[in-house]
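Okay, structure first, notes after.
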Amino acid sequence: MCGIAGWADLGCLPEDREKRVRRMTDAMASRGPDGAGVWTGTHAVLGHRRLAVMDPEHGQQPMIFTDDRHEPLVAMTYSGEVYNHPELREELQQRGHKFRTGTDTEVVLHAYLEWGIDAVERLNGMYAFAIWDEIRGRLVLVRDRLGVKPLHYARHAGGVLFASEPKSLFASGLIAPAVSVDGLRDLFASAHTPGATLFRDVHEVRPGTIVVLDAAGLRERHYWQLTARPHDDDVPATVGRVRELLSDIAARHVRADVPLGALLSGGLDSSALVALGQQAGPTPLRTFSVDFAGNTDHFVGNSLRATPDTLFVRAVAEHCGLDHRDIVLDAAELADPRHRQAVVAAKDAPALGDMDTSLYLLFRAVREHTTVTISGESADEVFGGYAWFHDPERIGAQTYPWRYFTGHSGTYQALLRPEAGAELDIAAHREAQYRDALAGVPRLDGEAGLQRRMREVFHLHLTRWLPHLLDRKDRLSMAVGLEVRVPFCDHRLVEYAFNIPWALHTVDGREKSLLRAAVAPLLPASVTARTKAPYPVTHDPAYHHAISEQAHDLLATPTAPVWSFLAPQRLRDRLNRPAADHATRAGIDFALNFDLWLRNHTGHNGRLAGHAPASWS
């Protein structure tokens, strides 16, 4: 998987260029515990941290291609996995290319040598990489189609610094970690602006996009976007095509030269992948689920989750013959400030309470057994699995359908100081972002009514909601050196599902009809009949008690940076509520995490020194 970083300038870089890039790679050591490297040229320095997955004995990076005099022609630093690398390798060998390693990294490098920038259109996978092309005098930054792997950049003088994570940019000493007001608006509005981050002047390479720095300046080019196409397959043909795609995708995703496993919740998505993965592999697949101490005693069903995961996990493990392990977490682990600190530092963003902490702890435990794991992330976005896809009122509202589900839009925003809320004007920001998002939706001529609206809903989820989930999963897994693969993000599957009419997506009157039909023969009936359930949370009241004590300590610190934004009395009101409902707990968690993030990224405990509008002082 790895972490990448670097600095390029068409002028002459200073003498300390290598030292600064080494600091950048050191800031992401957890992304690559198996090795580090830096290549230095006159106009560019590339850095790398390696998590060895393919050909662990070889493939050190940055990877360089030289001429007959051993002068560098092209240098590359690469993160990710290209799943069709065996086919590309064979084609390139037929064209005369010779390989020294068994890595997909070398295949991508030779693909660039053969086809130039257009090589990206041939790649199937999750990846982010940077190429310094000495021949053409240019830096090329590339990110995969769905944005599974992160890549950030910032301008400096006449050049560009880039890295997998913002913290790496800041480690250069050339970019200051200033909070972006528009970034805060996105945070509280639950609206992701493509290309933007929480930090001023720090940008993301957009999914499916190439950013180039050369003599013509800095510019970007989209090499992939969702397009609207007619869907002519009937129900049996559609189910068959989904099954065919999933079988091929699963077989590609279980390739690795290191131990591989899968996350299993007992839901349809993860169960489908482990069943397909088990078919593709010669030995029992290692699987892992998360559970919480005391949940059997404290669990209370609701409209989102009627039953715990445990019985369904057991049914899948037994049915498929899996090598399964439960990772059980307790309230003390989840509330531990050290774990909260680790999560916020990993994300470079405020954490989402025990959901993020438990995911981090799950990944940490899984890493003791495997280097690579597979996740069912994005199936809900691809096949329409969320409850609000099937709620006419939410679908009919002209706003993001998930708005009323997430704490960002209600619980978190309700904690803001009135003057901060007025200055941010989150409602206006959300409306503007929503309109901008709708303007990018591709459409078929004559498409109208519910089908037109559902195409909008799918596009909104894939471009404005999924990026948040993918970034969360990448940051928390790579913080412990674990590669997480997301097969449902295969662009072939996404393109096909995006153009399936909504009537086919719900042909059996339920959510994810096509996915259920495609994998039903592989799974227990109890799992295929199960209703969508969200990621689990602890129900132990000890967790609420622990974070409430931490919140009282925060309230006793009037100089804490969070009070530049949040109103102490509003947090105090939540602490005084008699019932520890989800909204109350989410608000307390957010205040603690927001404060930690501000401390991590402002460098002091006082006000934000100009990072917030002066009228908030």
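We count residues from 1, following the sequence as given.
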[X] side-chain N/O to [Y] backbone N/O, donor-acceptor pair under 3.5 Å:
X	Y	value
R31	C2	yes
T557	D553	yes
T77	G47	yes
H48	I4	no
S378	E381	no
D9	G159	yes
R570	R417	no
K167	A345	yes
R22	K19	no
D104	V82	yes

For a 4.5 angstrom cut-off between non-hydrogen side-chain atoms, does [X] reach [Y]?
X	Y	value
D144	H491	no
R585	V537	yes
V486	L146	no
I588	H544	yes
R206	H222	yes
P401	L460	yes
R145	Y127	yes
L424	Q413	no

When the ring planes of [X] and [Y] are compared, do they come out parallel, tilted or perpendicular, using 30° and 60° as the limits?
X	Y	result
H461	W402	perpendicular
F594	F565	tilted
Y153	H203	tilted
Y78	F129	tilted

From the options T538, T357, D589, select the one residue that forms a side chain to side chain donor-acceptor pair (under 3.5 Å) with Y543.
D589
Trace of the side chain to side chain contact (heavy atoms under 4.5 Å, CB included) decision for L151 with V211
CA-CA 11 Å; L151 185 54; V211 173; over 6 Å; no
Starting from the C-alpha separation in whole Å, work towards a yes-or-no answer on salt bridge (Lys or Arg N to Asp or Glu O under 4.0 Å) for D436 and R464.
CA-CA 11 Å; D436 182 67; R464 303 298 174 114; 3.2 Å; yes
Going through the checks in order, is the side chain to side chain donor-acceptor pair (under 3.5 Å) test met by Y112 and D133?
CA-CA 10 Å; Y112 176 81; D133 189 329; 2.5 Å; yes
May I ask you to check whether over 12 heavy atoms, not counting those of Q569, lie within 6.0 Å of atom CD?
yes
Does atom CZ of R338 have more than 12 heavy-atom neighbours from other groups under 6.0 Å away?
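No - once you tally the heavy atoms of other residues, nucleotides and ligands closer than 6.0 Å, there are 12 at most.
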Contact summary for [X] and [Y], nearest pair of heavy atoms:
X	Y	result
A191	Y400	CB-CE1, 3.7 Å
D348	L198	O-CD1, 4.2 Å
A130	L141	CB-CD2, 3.5 Å
A479	Y360	CB-CE1, 4.2 Å
T25	S168	N-OG, 4.4 Å
A586	Y412	O-CE2, 3.5 Å

To the nearest 0.5 Å, tell me how far [X] [atom1] sits from [Y] [atom2].
X	Y	atom1	atom2	result
H156	L169	NE2	CG	12.0 Å
L482	E368	CG	CD	11.5 Å
L469	H192	CG	NE2	11.0 Å
D380	Y386	CG	OH	5.0 Å
L329	D354	CG	CG	10.0 Å
L73	E134	CG	CD	8.0 Å

I'd like to know whether E483 forms a side chain to side chain contact (heavy atoms under 4.5 Å, CB included) with V258, so could you lay out the CA-CA distance, the side-chain angles of the two residues, the decisive distance to 0.1 Å, and finally the verdict.
CA-CA 11 Å; E483 175 180 304; V258 293; over 6 Å; no
Donor on one side chain, acceptor on other, H429 and D186, under 3.5 Å:
yes
Pair [X] + [Y]: basic N to acidic O under 4.0 Å:
X	Y	answer
D118	R221	yes
K347	D471	no
D474	K149	yes
D425	R185	no
D356	R475	no

Among M126, R143, K473, whose side-chain contact (heavy atoms from CB on, under 4.5 Å) with V148 holds?
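The side-chain contact (heavy atoms from CB on, under 4.5 Å) with V148 is passed solely by M126 among M126, R143, K473.
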Hey, does the Lys NZ or Arg CZ of R574 hover above the aromatic six-ring of F590, less than 6.0 Å from the centre and inside 45° of the axis?
no
L352 vs H468, side chain to side chain contact (heavy atoms under 4.5 Å, CB included): CA-CA, chis, key distance, verdict:
CA-CA 12 Å; L352 299 179; H468 162 73; 3.7 Å; yes
Does the pair R364 and H339 meet the rule for a side chain to side chain contact (heavy atoms under 4.5 Å, CB included), with working shown?
CA-CA 11 Å; R364 191 178 70 172; H339 295 152; 3.8 Å; yes
